[in-house]
Engineer: 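Encoded as structure tokens, here's the structure I'll be asking about.
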Amino acid sequence: MQVAVIIFFNLQITITTDYSLTNYFSSCFIIFAAQKPGKMNIEFLIKSSVAAALKNLYGVDLKEESIQTQHTRKDFEGDITVVVFPFTRFSKRSPEQTAGDLGEYLILNVPDISKYNVLKGFLNLVISNSHWVSELNEAFEDPFYGTTKATKDSKLAMVEYSSPNTNKPLHLGHIRNNLLGYSISEILKANGNNVVKTNIVNDRGIHICKSMFAWMYEGKNETPENSGKKGDHLVGEYYVKFDRMYKAEVAALMGKGLTKEVAEQKAPSIIGAREMLRKWEQDDHEIRNLWETMNRWVYAGFDETYKKLGVDFDKIYYESETYKVGRDEVLRGLDEGIFEKQDDGSVWANLENEGLDRKILLRSDGTSVYMTQDIGTAKLRYEDYPIDKMVYVVGNEQNYHFQVLAILLDKLGYKWGKDLYHFSYGMVELPQGKMKSREGTVVDADDLIDEMVNVARKTSEELGKLDEYDDNEKEEIYRMIALGALKYFILKVDPKKTMMFNPEESIDFNGNTGPFIQYTYARIQSVLRKAKEQGIKWGNAQREVELREKEVELLKKIVVFPEVVTESGKLFSPALIANYCYELVKAYNQFYHDITILGETDEVIRNFRLVMTETTGKVIQLGFSLLGIECPERM
RNA sequence: GCUCUCUUAGCUCAAUUGGAUAGAGCAACGGCCUUCUAAGCCGUAGGUUGUGGGUUCGAGUCCCGCAGGGAGUACCA
């Protein structure tokens, strides 16, 4: 039986006036996976034994959580290290002596500890091989090793990601968002949560009106069908055309002596687009039809890109369906005196008491802004689902927006308002700096994926390992490798950090890359295939098998996988999974290089190596599935 | 201006959240395929963790100052 207890820490109650980011958005979705009864995790066992030792030796009561352990560094002998500095105040002895006391106690009381040594204030414990082997057997037997299945009663997390505007195609920035959103969802699932993946499509607003305006004036009835262009790209072209038109008009007006500010308001194209937005909100037939048509083109394009990326959604919200709910909420807030109306008719929230500025909620012409619809969307979602945790995967440029959103929802009386979690990730930069559509430096998602596939094809053909496959199978493998490279490259870096994407260097398949890890997986499958061909059968390893150093290292890497899954769930970090997979694979390749598997004549040892090989493959696949990366059987 | 944030090897990133001698990959140089997939393995070289102080048994990590990047502060989304 497997039990998972999930506890939500609500960190905001203590402070009433401080609305700083840390209070709202520090990771407050903390998961505790309970130990399986009878199968005590070794670190926990050591912690409780240390606690008992401290009580016994020095008469102090310390909780297990306050005892620090870590994996012993490679340069020292041992597997698990207890940090004893904090205990010297109780022992009134030197760190070395204290560590020695504890070591003696542990070796007498914990059978799985075979040796210990002391260095300064560090007590290094050597765990017996038989313990590691029995953990390996558990991993070997469990097809979902390291993960916890959700039940009907598990907590429900809703994860919003992607959230495109419908006026232009997806680019590199969206790719990071989509990969993070998908991966975070998988990681939360693996930690025993129910997850609803959702997408809010920003299908209405001034941006799409700009594309519509340009299409009406310059479009000549161009459609995806008659032009052969992908729908989202076509609409994006008109957005760019609008921008050019607008810039030219502003320049012309400034030439006539208007100031920049006035010219920007008086340009005919922007007035036209605004008029379209106003008509749209009034349900004008002609405008609505054009809007529907152009959005339909865009969705067809997006679907293609999502499919290529391998991401999906359980529930899609459209801003056009939620903004009214938001507007009603704002008007209710106005009635209740939470918000205020300015003379020109615009509605504002005054957040000066919270240390922030005033924020507009409705324009003077009555139309909604981004914030308005986000209020409505949030309300609808909580009506539609019994959400325990709402996660927004949105770039850190919107930190302020989400800080304000949480406060507004709180002011509107929603108790969950302050529990919204903004999973704030860093921007993607190019060697030339930020991506700018006007300067043509945007890396288009479709182009990038196609380019990655081309490189994968070329590399694979040079290596010539897939020659006996037919073309369809080959293309499928090229696709897996290309996406493996792209996804791993992006997910291996800490989501919070700004990352650099160099299109040339990112298309590398050697070293710390997705294809290297996929390659190791393929290699493992090859060994297992050969074993089967030779009629070899393998099963649970014998506990008393003799182990070589590379084997122990690999073994220890395999069995920390569950810990990594838990940690990545707590920290919302696919990067932890990615970096773990790399370390695991590195350990496997060293083992593979130095030690024969099928060539081993001692059947007990050969069996152990096969169990370890198969389990490594499984863990790679499980880990990569949390990143949304597939593993080919051959490459 | 104000708020937030970042700065680790030539480049791209790690560092078990305050622990031991700061690690990988790429790039450079040298070695290993008659043996389970060389998209691999091994080695050499590369660092005053931007800078100055502070906190303590211990700081890349926490606090304060300075320098330099980035983001936000819109009737944009």
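These numbers come from the heavy atoms of this one structure, side chains and all, not from hydrogens, waters or symmetry mates. Every chain is numbered from 1 and lettered A, B, ... according to where its sequence line falls, protein lines coming before strand lines.
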Engineer: Base, sugar-phosphate, or nothing for L463(A), non-hydrogen atoms under 4.0 angstrom?
Structural biologist: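 The answer is base, as L463(A) lies within the cut-off (heavy atoms under 4.0 Å) of a base atom.
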Engineer: Among the candidates rA14(B), rA39(B), rC41(B), find the nucleotide nearest to the side-chain atoms of Y519(A).
Structural biologist: rA39(B)
Engineer: Need the pair for rU21(B). Rule: Watson-Crick or G-U wobble, both distances under 3.5 Å, any strand; none if unpaired.
Structural biologist: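 Its partner is none (no Watson-Crick or G-U wobble pair with both distances under 3.5 Å).
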Engineer: Please report the distance separating the P of rC41(B) from the corresponding atom of rU37(B), rounded so that it comes out in whole Å.
Structural biologist: 15 Å
Engineer: Say whether N399(A) and S424(A), considering side chains only, have a donor N or O and an acceptor N or O under 3.5 Å apart.
Structural biologist: yes
Engineer: When you check the side-chain N and O atoms of N454(A) and Y478(A), is any donor under 3.5 Å from an acceptor?
Structural biologist: no
Engineer: Using both distances under 3.5 Å as the test, list the Watson-Crick or G-U wobble partner of rA71(B), or none.
Structural biologist: rU3(B)
Engineer: Just label rC33(B) as syn or anti from its O4'-C1'-N9-C4 or O4'-C1'-N1-C2 angle, using within 90° of 0 for syn.
Structural biologist: syn
Engineer: Tell me which nucleotide among rA20(B), rC41(B), rC13(B) gets nearest to the side chain of V493(A).
Structural biologist: rC13(B)
Engineer: Need one value for T613(A): base, sugar-phosphate or nothing, where a base atom within 4.0 Å counts as base even if backbone is also close, heavy atoms only.
Structural biologist: nothing
Engineer: For the side chain of Y592(A), starting at C-beta, report the closest nucleotide among rU37(B), rG40(B), rA77(B).
Structural biologist: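 From the listed options, rU37(B) comes nearest.
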Engineer: Considering only the C1' atoms, how many Å lie between rU21(B) and rC2(B), rounded to the nearest integer?
Structural biologist: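 Roughly 44 Å separates the two C1' atoms.
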Engineer: Taking only the P atom of each, what is the distance from rC62(B) to rU16(B) in whole angstrom?
Structural biologist: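 Going atom to atom, P in each nucleotide, I get 11 Å.
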Engineer: Side-chain N or O of R363(A) less than 4.0 angstrom from OP1 or OP2 on rC76(B)?
Structural biologist: yes
Engineer: Once you apply a heavy-atom cut-off of 4.0 Å, does F516(A) come out as touching a base, just sugar-phosphate, or nothing?
Structural biologist: sugar-phosphate
Engineer: Will you find, in the side chains of R204(A) and N295(A), an N or O donor that is under 3.5 Å from an N or O acceptor?
Structural biologist: no
Engineer: Which part of the nucleic acid, if any, lies within contact of D365(A), taking any heavy atom under 4.0 Å across all strands shown: a base, the sugar-phosphate backbone alone, or nothing?
Structural biologist: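 Counting heavy atoms under 4.0 Å across all strands, no contact is made by D365(A).
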Engineer: Among the candidates rG40(B), rA39(B), rA14(B), find the nucleotide nearest to the side-chain atoms of M635(A).
Structural biologist: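 So the nucleotide nearest the side chain must be rA39(B).
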Engineer: Between rG19(B), rG25(B), rG72(B), spot the one nearest the side chain of F122(A), thanks.
Structural biologist: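 Between rG19(B), rG25(B), rG72(B), the one nearest the side chain of F122(A) would be rG19(B).
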Engineer: Quantified in whole Å, what is the P atom distance between nucleotide rG19(B) and nucleotide rA59(B)?
Structural biologist: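 One P to the other, the span is 11 Å.
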Engineer: Choose from rC57(B), rU16(B), rC13(B) the nucleotide whose nearest atom is closest to any side-chain atom of F85(A).
Structural biologist: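 Looking only at heavy atoms from C-beta outward on F85(A), the closest nucleotide is rC57(B).
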Engineer: Looking at Q590(A), does any N or O in its side chain come under 4.0 Å of the phosphate oxygens OP1/OP2 on rC42(B)?
Structural biologist: yes
Engineer: With respect to the side chain of Y400(A), which nucleotide from rU73(B), rG19(B), rG70(B) is positioned closest?
Structural biologist: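 For Y400(A), the side-chain atoms sit closest to rU73(B).
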Engineer: Would you say a side-chain N or O of K492(A) is under 4.0 Å from OP1 or OP2 of rG25(B)?
Structural biologist: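 So the side chain of K492(A) is outside the cut-off, no N or O lying under 4.0 Å from OP1 or OP2 of rG25(B).
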Engineer: Atom CG of N399(A) to atom P of rA77(B): distance rounded to whole Å?
Structural biologist: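 Atom CG in N399(A) sits about 19 Å away from atom P in rA77(B).
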Engineer: Any base atoms under 4.0 Å from Y582(A), or only sugar-phosphate, or nothing? Heavy atoms, all strands.
Structural biologist: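 Since only primed, P, OP1 and OP2 atoms lie under 4.0 Å of Y582(A), the category is sugar-phosphate.
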Engineer: Establish, with yes or no, whether the OP1 or OP2 oxygen of rA14(B) is under 4.0 angstrom from a side-chain nitrogen or oxygen of K497(A).
Structural biologist: yes
Engineer: Strictly below 4.0 Å, N to O, side chains only: are R73(A) and D75(A) in salt-bridge contact?
Structural biologist: yes
Engineer: If you count the non-hydrogen atoms of other residues, nucleotides and ligands that lie under 6.0 Å from CD in Q534(A), is the total more than 12?
Structural biologist: yes
Engineer: What's Q398(A) touching, base or sugar-phosphate or nothing? Going by heavy atoms closer than 4.0 Å.
Structural biologist: base
Engineer: Where each residue is assigned the nucleotide of RNA chain B containing its nearest heavy atom, which of N124(A) and S346(A) is assigned the position nearer the 5′ end?
Structural biologist: N124(A)
Engineer: How far, in whole Å, is rC6(B) from rU49(B) if one measures between their C1' atoms?
Structural biologist: 14 Å
Engineer: For nucleotides rG25(B) and rG69(B), find the distance between their P atoms and express it as a whole number of Å.
Structural biologist: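 The same atom, P, in both gives a distance of 33 Å.
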Engineer: Got a salt bridge between K474(A) and E461(A), using NZ or NE/NH1/NH2 to carboxylate O under 4.0 Å?
Structural biologist: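 Result for this pair is no, no salt bridge flagged.
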Engineer: Between rU12(B), rA20(B), rG40(B), which one does the side chain of F489(A) approach most closely?
Structural biologist: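 Of the options given, the side chain of F489(A) lies nearest rU12(B).
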Engineer: Quick check for you: among rU37(B), rU17(B), rA14(B), whose closest atom lies nearest to any side-chain atom of N579(A)?
Structural biologist: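 Among rU37(B), rU17(B), rA14(B), the one nearest the side chain of N579(A) is rA14(B).
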Engineer: Write down the distance separating the C1' atoms in rA45(B) and rU3(B), rounded off to the nearest Å.
Structural biologist: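 Nearest-Å result for rA45(B) against rU3(B) at atom C1': 44 Å.
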Engineer: rC66(B) pairs with which nucleotide, Watson-Crick or G-U wobble, both distances below 3.5 Å?
Structural biologist: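 Here rC66(B) is engaged in a pair, and the nucleotide opposite it is rG50(B).
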Engineer: Mind running salt bridge (Lys or Arg N to Asp or Glu O under 4.0 Å) on R358(A) and E352(A) for me, showing each step along the way?
Structural biologist: CA-CA 7 Å; R358(A) 282 166 24 109; E352(A) 281 161 7; 5.4 Å; no
Engineer: Phosphate oxygens OP1/OP2 of rC6(B): is one of them under 4.0 Å from a side-chain N or O of K496(A)?
Structural biologist: no
Engineer: My understanding is that a pair needs two contacts under 3.5 Å, Watson-Crick or G-U wobble. By that rule, which nucleotide pairs with rU16(B)?
Structural biologist: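 In the structure as shown, rU16(B) has no Watson-Crick or wobble partner.
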Engineer: Taking the same atom, C1', in rG43(B) and in rU61(B), what whole-Å distance lies between them?
Structural biologist: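 Here rG43(B) and rU61(B) have their C1' atoms 32 Å from each other.
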Engineer: Are D232(A) and K168(A) ion-paired here, with the side-chain N under 4.0 Å from a carboxylate O?
Structural biologist: no
Engineer: Among rC13(B), rA77(B), rG19(B), which is the nearest nucleotide to the side chain of M500(A)?
Structural biologist: rC13(B)
Engineer: For Y521(A) and E630(A), which I'm curious about, is there any donor-acceptor pair between the side chains at under 3.5 Å?
Structural biologist: no
Engineer: Report yes or no: do E43(A) and T69(A) form a side-chain donor-acceptor pair below 3.5 Å?
Structural biologist: yes
Engineer: With both distances kept under 3.5 Å, what pairs with rU34(B), Watson-Crick or G-U wobble?
Structural biologist: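 Checking every strand shown, rU34(B) finds no partner, since no pair has both distances under 3.5 Å.
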Engineer: Touch check for Q68(A), heavy atoms < 4.0 angstrom, all strands: base, sugar-phosphate only, or nothing?
Structural biologist: base
Engineer: When you measure from the side-chain N and O atoms of R523(A) to the phosphate of rA38(B), is any distance below 4.0 Å, counting only OP1 and OP2?
Structural biologist: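 Yes, because at least one side-chain N or O of R523(A) sits under 4.0 Å from OP1 or OP2 of rA38(B).
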Engineer: Please state whether the phosphate of rA39(B), meaning OP1 or OP2, lies under 4.0 angstrom from any side-chain nitrogen or oxygen of K458(A).
Structural biologist: no
Engineer: Indicate, with a heavy-atom threshold strictly under 4.0 Å, whether I490(A) touches base, sugar-phosphate, or nothing.
Structural biologist: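 Nothing, no heavy atom under 4.0 Å.
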Engineer: Which part of the nucleic acid, if any, lies within contact of K530(A), taking any heavy atom under 4.0 Å across all strands shown: a base, the sugar-phosphate backbone alone, or nothing?
Structural biologist: sugar-phosphate
Engineer: Under 4.0 Å between any heavy atoms, over every strand shown, what does T88(A) touch: base, sugar-phosphate, or nothing? Just pick one.
Structural biologist: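 Nothing, no heavy atom under 4.0 Å.
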Engineer: So L362(A), base contact, sugar-phosphate only, or nothing? Heavy-atom distance under 4.0 Å.
Structural biologist: nothing
Engineer: Applying the Watson-Crick and G-U wobble criteria at under 3.5 Å, what pairs with rG43(B)? Answer none if nothing qualifies.
Structural biologist: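 Answer to the pairing question: rC29(B), which forms a Watson-Crick or G-U pair with rG43(B).
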Engineer: Need the glycosidic conformation of rU49(B): syn if within 90° of 0, anti if not. Which one?
Structural biologist: anti
Engineer: Closest-nucleotide mapping onto RNA chain B: is E397(A) or H593(A) further toward the 5' terminus? I mean the 5' end.
Structural biologist: H593(A)
